[in-house]
Amino acid sequence: MNHTCIKRFYGFIFCILIPTNGFSQFDSIRKEGTFLQHLRIQKLYNERLFVLNQFPEGNDTDLLLIEKAWTYTILARYDSALSGYRRASVDSIRFYGFTANYYSLLFRFSKFKRLDSLMTNPPDDESLMKFRTAVDLVNLTYDIRSLPQQLPERVKSQYEKYWRIEKKSGALATFYSLVIPGSGKLYYHQKHQALNMFLANLALGLQAYESYNKAGPQSARFIIFGGLFSVFYISNLYGTAVGLKKAKRDNKKQLQYELVNGFLPDAGMYPGRY
Amino acid sequence: MNWLMGFFLMQACILGATEAVAFQDSLMLKVVLLEKEIMENQHSEERKVQLVLKKADTYKRMNRPYDALATLSRLQPDSLSGSVKCTVHYNKALHAFMVGLHSTSLQEVWSMDQCSMQAPQEMLFLMVLLENDRWDDFKSSFLTYARSRHFDTTSFVKEFRFPELMDVDRYRKKSVWPGAGLISSGHTGKGIVNISLQLAFAGFAVSQFYTGYYFTGFFSGVQPARRFYKGGRALTQTLVHEENHERIDDLKAKGYKYISQLYQ
């Protein structure tokens, strides 16, 4: 091998090592614990994620995944957070104390079956009991007269709203709107929409009636106003039926939101134990 | 042959994008390493200041002025001395200006009164004054800097005058008469369309009432006419506000034009 070849070989090795050397500034997650804590205290979460992404997946794979998942949660990248927790073992999540954060994500994404299956054994932490209560609340297990005492007022009032609207019948609401346009909406407490629907139908109905009465059923005037009235009247029925479903869904979402923000343990709190 | 060219062009694009990502990544690595050094130098104030300034500069290169400003907020300029203090104030003002926090930026540039001003500082000072609508301060500062640079200010003095703004109240009162507010504020076309629509619907209402169609007259004549009347009044106010904003923006544009001429 001649001299030039050896020089080239070393040059090649050097070029390969430069980036490796650049990224090997961070050894392992445990050795960089203080720095990661510093980044967390300074609220430099993007930077924290960057550092976590530099560690090779080795002995502490689960811890790494969990730490990344928690950082993703803080950055409101919930999909990535949930996928991170899913890749880690449940035992590790429990061991490192991130159970509440994981459960919060499952609850936020309405993964109630998964949450149920994880909560089959009695939880070791009392705060985790709250997840059982939260799932029961979303499933409307409680009667509104016997709600748990520790629930915040906002959650209680939202539960009552959701409970009431869940008891409403779509068929009955549509029947009401059939008799008096808009009254179906009033039945499930959407006063503003009910009034708008009623007034629009009233205005077109009166004009159609007037046209029929004075110009006759063959007149262009009646055809126009009668046609418009028919469209609005049918829309009123359809809107009432679909609106109730949407109202139920919205109230459920709102209850979930109130529970996550006012009742469940704060997912933003760092629970790490290492 | 074309497909081969296309293939190479695509490869080049991918490589370009990869390079950009790699560049961002290397800057992020720099940020993180600087942060680590800041953590390790918590008790050495002088070193910490240098590191924080470097970190803010790296954020600036990453096009993240918010983060740069947040980084600089960790420094207390009052506890610093001389040129370092001025550098911190300048950088804070610059990043606040870049993210649109103009009042913060103004506070920072006011704090630079004891600092020696070079061209970049002067430029920033003038731009901050413009964005904070400090017209008189801008004018006097511009003239001072222009004189020190032997810049001919004749056209500036002639052109840079605060424009006469339209009186919103006056036009609101005028808009009591259908279409009058729009026409008198210079939007003749819109005014004519507005008044025509009101007249058409009002006329329709009258004709319906006359023939005994009272419901049709009310719901399809009176109500739309009333809506167009209220809409015309609201539109007058919006357009007058917009016109005033445009006049102020024109003045700002003139200011920027003279700043660029002064420091080109």
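Convention: sequence-line order gives letters A, B, ...; per-chain numbering from 1. Keep in mind it's a predicted model, so treat the numbers as computed, not measured.
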Exercise for the section: Check A:Gln42, A:His38, A:Arg48 against B:Glu35 for a side-chain hydrogen bond (donor to acceptor under 3.5 Å, both in side chains) and give me the one that passes. Expected result: A:His38
Problem - Nearest-0.5 Å distance, OH of residue B:Tyr213 to CG of residue A:Asn213 - result: 9.5 Å
Problem - Flag side-chain contact, heavy atom, 4.5 Å: A:Asn46 against B:Met28 - result: yes
Fill in the blank from the handout: Honestly, the part of A:Leu39 sitting under 4.5 Å from a heavy atom of chain B is side chain
Practice task
Counting only heavy atoms closer than 4.5 Å, note whether B:Thr71 contacts chain A via side chain, backbone, both or neither.
Solution key: neither
Handout entry: Residue A:Ala208 versus chain B: region with a heavy atom under 4.5 Å
Key = neither
Exercise for the section: Decide side chain to side chain contact (heavy atoms under 4.5 Å, CB included) for B:Leu29 and A:Phe50; before the verdict, give the C-alpha distance in whole Å, the side-chain angles of both, and the deciding distance to 0.1 Å. Expected result: CA-CA 8 Å; B:Leu29 180 67; A:Phe50 180 83; 4.0 Å; yes
Handout entry: B:Lys174, NZ: over 12 other non-hydrogen atoms inside 6.0 angstrom
Key = yes
Problem - Close side-chain approach of A:Glu32 to B:Lys36, heavy-atom, < 4.5 Å - result: yes
Handout entry: Atom NZ of B:Lys30 with >12 non-hydrogen neighbours under 6.0 angstrom
Key = yes
Exercise for the section: Tell me, yes or no, whether the heavy-atom count around A:Tyr212 atom OH, taken from other residues, nucleotides or ligands under 6.0 Å, exceeds 12. Expected result: no
Handout entry: CZ/B:Arg47: more than 12 non-hydrogen atoms of other groups inside 6.0 Å
Key = yes
Problem - Enclosure of B:Tyr256 OH (heavy-atom neighbours >12, cutoff 6.0 Å) - result: yes
Practice task
Kindly give the heavy-atom pair with the smallest separation between B:Phe219 and A:Gln207, and that separation in Å.
Solution key: CB-NE2, 3.4 Å
Handout entry: Atom CD of A:Gln218 with >12 non-hydrogen neighbours under 6.0 angstrom
Key = no
Practice task
Answer yes or no: are there more than 12 heavy-atom neighbours, outside B:Asn63 itself, under 6.0 Å from its atom CG?
Solution key: no
Problem - Step-by-step side chain to side chain contact (heavy atoms under 4.5 Å, CB included) determination, A:Ser211 to B:Phe215 - result: CA-CA 9 Å; A:Ser211 308; B:Phe215 290 130; over 6 Å; no
Fill in the blank from the handout: Distance col, row B:Leu33:CG vs A:Phe35:CZ, nearest 0.5 angstrom, shows 7.5 Å
Fill in the blank from the handout: So, the part of B:Val31 with a heavy atom under 4.5 Å from chain A: the answer is side chain
Exercise for the section: Can you tell which part of B:Tyr214 gets under 4.5 Å to a heavy atom of chain A, answering side chain, backbone, both or neither? Expected result: both
Exercise for the section: To the nearest 0.5 Å, tell me how far A:Leu204 CG sits from B:Ser220 OG. Expected result: 7.5 Å
Exercise for the section: Can you establish whether the number of heavy atoms outside A:Ile180 located under 6.0 Å from its atom CD1 is more than 12? Expected result: no
Problem - A:Glu47 and B:Arg64 ion-paired at < 4.0 Å - result: yes
